[in-house]
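Letters A, B, ... mirror the listed sequences (proteins, then strands); counts begin at 1.
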Protein chains: 2
Amino acid sequence: MIERDPNLKEYKQSFYLAAGECNPQAEMPLTLLMNRIIEVATNHANSWGVGYARLIQDGQGWVLSRVTIEMERYPRVDEWYSLTTWIEDYNRHFSQRNMEIADGDGNVIGYVRTIWVVINLNTRESVDISKLGYIARNVSPHPCPIEPQSRLKPFEPTRTENYRFRYADIDFNGHVNTVRYLEHLVNTFPMQWHAANFIKRMEIAFVKEAYYDSEAQILIDDTDPMNVRLDIIADEVPRAKARFCFQKR
Amino acid sequence: MIERDPNLKEYKQSFYLAAGECNPQAEMPLTLLMNRIIEVATNHANSWGVGYARLIQDGQGWVLSRVTIEMERYPRVDEWYSLTTWIEDYNRHFSQRNMEIADGDGNVIGYVRTIWVVINLNTRESVDISKLGYIARNVSPHPCPIEPQSRLKPFEPTRTENYRFRYADIDFNGHVNTVRYLEHLVNTFPMQWHAANFIKRMEIAFVKEAYYDSEAQILIDDTDPMNVRLDIIADEVPRAKARFCFQKR
C-alpha cells in the first residue's frame, strides 16, 4: 500500500509483518527494518525520477552512508506498520532522509535518520548532486525528534569475533551488502541477551566497502552492556562502525 | 500489487526487484525467491481465513515441508515479476501448493511446487487438516509442468562444511528459519561458480527442526558438479536435504 501527498514531499508505504519474517521475539528483526528503509528510500527517489534507473545512465548510484534508528518498540507478528519518508536537508554532498515508523493505528513507534551520497560507480568517488535540484525543492519540515548520529570514536575492544564474507553477503556492486553488516553485528549477542533486551537505538556508519572472501574482525566494546560500540575491520581498514543502545524488555 | 480471480482459487502478487535486493549477478537471489514463495502462500491462506491468525487459535501452524523450484531465468534488477499460486492437491495430511513465476510482460519464467502440513505447535505432530475443507473445494486445474521432487537419497559426501546456528538464523518458533538453510547451502559454492552457472532447479525437503547454537554439518556430493546433493545434519540427525541442478549462464 503506497500513499503520496500531492506535492510528493512525503512518501508513505505500509507493510504487514508475517510470522515467517519475525525474529525469535515475534517482532520485526532490525535487518528487515533496514531492508524496508532502503526499499522506501529507493521507491521515493524513483517516484521523483532520481532513482537507480536514472543515475545508472550517468554511471552513478546512491550509496547509504549512515543510519540512525530509534524505536519505542518494533512491529509485532501480524501487525501492519508504515514507513513515511521525507528529506530534511540536502546539499551537493549528501541528502539527509528521515523516516517515521508507525503502527497500524498510526501511532508513531520510531524514527530513522539516514545520510545518502551519490558516487561515480567507476571511481567510487562521491559526486556533486546539486543537479538533482528537484530534491532540494522538496525538503519537508516534518519533525524528526531523535538525536543525530553520535561520533563513533575508536575504542579498545573487550571482545572480538572473526567472520569471512561469503557469497550471500555480496550485493550486485560486488560489495558486502549493508544489511549483512548489521546481521553479523546482531549475531555477536547471544539469544538470551536479545530475549531480555531490545535495540532501542542503533547507529551505523558505512566507512569503506568490503569484498567477497575477505576475513573480517568484529571489535566489540561492551564495557557498558547497554551501550555497545562495534567496528567491522577487514585488512586492517574499518568497513563499518556502529553503536547498539539496548533497553530492558 | 495483488490480484485475485473472482473465485479466489488463484492468487497473484507482483513485485519489483530493487537493486539493493540483487545478488552479485544482478538477479533475484534464490533466498529472496524463497521468501516471496512463503509470503504469497501466507497471503493466499490468509485471504481464505485459514492462515496463521486462524490456526494459532487452535495452537496450530502451517509448516513448509518441501519446495521444488525450476527457473528458465531469475528476475533481473529493476524488473517487475509476479507469483501466481494455487492448490493442486489437498488431503488431510498435506496441501500441495504450486506457483508460476512470470516476468513483467507476463512471460512465464519458472514454476514452484510446495508441500505444506499443519502441525500442533506444542507436540510438533502433524494434524488432520480435513476441517479446512474450504481449501479442498478450491483446487485449481492450473498446470504445473515441472517434475515433482525426486527422492533425496543418502549419499557419500565429497566435501563437508561446519556451521553453528546463530541468532539471525532463528525464527519466531525458535527453530532455524527455512530460508537460512538455503542461504547456508548457496554459500557452499564459490562466487566464481555462481558467476558461471545458475541454479536451474532446486529441491529441498525440511526433515526436522534445528536450534540455536547447535553445530551443523553440511554434507555435499558434487561428483557431478551440475547436479549436487546437499544435506544439513545437526547432532547426527538430518535437518534438511537438498539438490541443486546448475546450468551454464
Between chain A and chain B, which donor-acceptor atom pairs come closer than 3.5 Å, counting both backbone and side-chain atoms?
| unit_1 | atom_1 | unit_2 | atom_2 | d |
| --- | --- | --- | --- | --- |
| Gln25(B) | OE1 | Tyr167(A) | OH | 2.5 |
| Glu161(B) | OE1 | Arg166(A) | NH1 | 3.0 |
| Glu161(B) | OE1 | Arg166(A) | NH2 | 3.1 |
| Glu161(B) | OE2 | Arg166(A) | NH2 | 3.2 |
| Arg166(B) | NH1 | Glu161(A) | OE1 | 3.0 |
| Arg166(B) | NH2 | Glu161(A) | OE1 | 3.1 |
| Arg166(B) | NH2 | Glu161(A) | OE2 | 3.2 |
| Arg166(B) | NH2 | Asn187(A) | O | 2.7 |
| Tyr167(B) | N | Asn187(A) | OD1 | 3.3 |
| Tyr167(B) | OH | Gln25(A) | OE1 | 2.6 |
| Ala168(B) | N | Asn187(A) | OD1 | 2.7 |
| Arg180(B) | NH1 | Glu183(A) | OE1 | 3.2 |
| Arg180(B) | NH1 | Glu183(A) | OE2 | 3.1 |
| Arg180(B) | NH2 | Glu183(A) | OE2 | 2.8 |
| Glu183(B) | OE1 | Arg180(A) | NH1 | 3.2 |
| Glu183(B) | OE2 | Arg180(A) | NH1 | 3.1 |
| Glu183(B) | OE2 | Arg180(A) | NH2 | 2.8 |
| Asn187(B) | O | Arg166(A) | NH2 | 2.7 |
| Asn187(B) | OD1 | Tyr167(A) | N | 3.3 |
| Asn187(B) | OD1 | Ala168(A) | N | 2.7 |
| Met191(B) | N | Tyr212(A) | OH | 3.1 |
| Tyr212(B) | OH | Met191(A) | N | 3.1 |

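Partners of Ala26(B) according to the side-chain contact (heavy atoms from CB on, under 4.5 Å) rule, which considers only residues two or more places apart in sequence or in another chain, are Phe172(A), Val77(B).
Contact count versus chain A (heavy atoms, under 4.5 Å) is highest, among Gly174(B), Ala19(B), Pro24(B), for Pro24(B). Your options are Ile38(A), Val186(A), Ile170(A), and the one with the most heavy-atom pairs under 4.5 Å with chain B is Ile170(A). The greatest number of non-hydrogen atom pairs below 4.5 Å with chain B, out of Gly61(A), Pro29(A), Cys22(A), is found for Cys22(A).
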